[in-house]
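What follows is a set of notes on a single structure, which appears directly below.
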Amino acid sequence: MLPEKYKAISDEQAILKIRHLKALLGKDVFILGHHYQRDEVIQFADATGDSLGLSQEAAKINSKYIVFCGVKFMAETADIVTADNQKVILPDLAAGCPMADMANEYQIQKAWDEIAQVVADISNVVPVTYVNSAATVKAFCGENGGLTCTSSNAGKVLDWAFNQGKQVFFFPDRYLGTNTAMRLGLKDKEIVLWNREEDFGGLSPEKIKTAKIITWDGYCPVHKRFESANLDLLREKYPDLRVIVHPEVPESLAIQADEIGSTSYIIKVVSEAPDGSIFAVGTEAHLVSRLAKEYPNKRILSLNVPTCMCATMERISPQNLLWILESLAEGKVENQIIVPKNIKEKALIAINSMFELS
Ligand code: 13P
Ligand code: SF4
């Protein structure tokens, strides 16, 4: 936990000290920053990215310490893909992801056993976990012929499974699973929702057998709040509006969007659009406000007012980052994320399979 003395430090003071410490620590420390981080923090990132980009970056870094300004599943992924002598640090251990917490390995194993009782051959079902999941859930996929995916490669991963005639068991995000499957042309009846509170997901054996994708009923509380009602109002006001959303939004909104993609994709589309373009963006507030600041000649609006902020991403403050760097300068490693070896090995199989497809 952040020691008391750091709480009295202002953002401005912390920023000055971080600048100094970064120069002092040099190449020993590499800071990774997710696009949802606050401006005061992300300015110190040596690399920024979406979940896929950051995991690929982590796999390439040689630094002794990797400070992950993001949430826990991202830091765990970094620990899984880095060498044993590298240490991954999360500046606030309470920076989790509520969606990732909606599925644990016991629930997934129970559901898997139930699906196995119904389908003719469980080896024809591929378990796919969104990277927004615990390392133990990724390990389950690695152990059972499955893999991970992110918002930027979910289409490729599902396509790969469907092309082999496999069924997909997808978790934890119902919307990423459904939106991706719909974009691949699946029909409504081929996509079924697994209710984690009920035996056999509350589904009939027929539904389980005939589904092409069974999606867990988890969701991101931040993206779930985006509504299509706001979209109608904005389209009326701005006829040239382009709507771009993250695939974690509900499908009722996703089907009305002009573009859908990961945080890096959203940034790319906005940055490449001509001056004067007007966008309504359906993703986390820090990213939307950064885009608005960086592209003053374009109009960047949030699809929802008030904007939807990820409170756990927000937990990484300049004060937390300062504490971590000051400790490293004193030879102390705080908040290290350690994935146990047996979990790491299995989870790595699932992550590497995704890397191969990306
Ligand atoms: P990206 O991989 O698109 O950055 O998404 C991560 C995330 O947590 C979105 O809520
Ligand atoms: Fe998790 Fe949603 Fe926050 Fe992304 S925005 S880290 S999915 S809670």
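Residue numbers start at 1 and run along the sequence shown. Each ligand, and each atom within it, is numbered from 1 in the order the structure gives. Predicted model only: the values in this text are computed from it and were never measured.
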Mark the output for [X] as yes if a heavy-atom distance to ligand 1 is under 4.0 Å, and as no if none is.
X	value
His34	yes
His223	yes
Tyr36	yes

*Short N-O contact, Lys22 and Asp46, less than 4.0 angstrom*: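 Salt bridge: yes.
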*Charged N to carboxylate O below 4.0 Å: is that the case for Lys72 and Asp101?*
no
*Can the positive tip of Lys212 be found less than 6.0 Å from the middle of the six-membered ring of Phe162, inside 45° of the ring normal?*
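Judged by the rule (NZ or CZ under 6.0 Å from the ring centre, within 45° of its axis), Lys212 counts as positioned above Phe162.
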*Please determine if atom 1 (Fe) of ligand 2 has an N/O/S atom from Cys220 lying under 2.8 Å away.*
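So Cys220 does not count as coordinating atom 1 (Fe) of ligand 2.
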*Which ligand 2 atoms are under 4.0 Å away from a heavy-atom of Tyr36?*
5 (S)
*asked:* Show the atoms of ligand 2 that are less than 4.0 angstrom away from any heavy atom in Glu248.
replied: 2 (Fe), 7 (S)
Starting from [atom], what is the nearest protein heavy atom, named by residue and atom, and what distance separates them?
atom	answer
atom 5 (O) of ligand 1	His246 NE2, 3.3 Å
atom 8 (O) of ligand 1	Asn132 ND2, 3.1 Å
atom 10 (O) of ligand 1	Glu248 OE1, 2.8 Å

*Using a distance-only test with no angle check, is there a side-chain donor-acceptor pair under 3.5 angstrom linking Ser264 and His35?*
yes
*Are Thr283 and Tyr36 close enough that a side-chain donor and a side-chain acceptor fall under 3.5 Å?*
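The answer is yes; a qualifying pair exists.
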*Just say parallel, tilted or perpendicular for the rings of Phe171 and Phe169, cut-offs at 30° and 60°.*
perpendicular
*Has Cys310 got an N, O or S atom lying less than 2.8 Å from atom 3 (Fe) of ligand 2?*
yes
*Counting heavy atoms only, name the option from Gly261, Ser262, Gly49, Ser51 that's nearest to atom 2 (O) of ligand 1.*
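Among Gly261, Ser262, Gly49, Ser51, the closest heavy atom to atom 2 (O) of ligand 1 belongs to Ser51.
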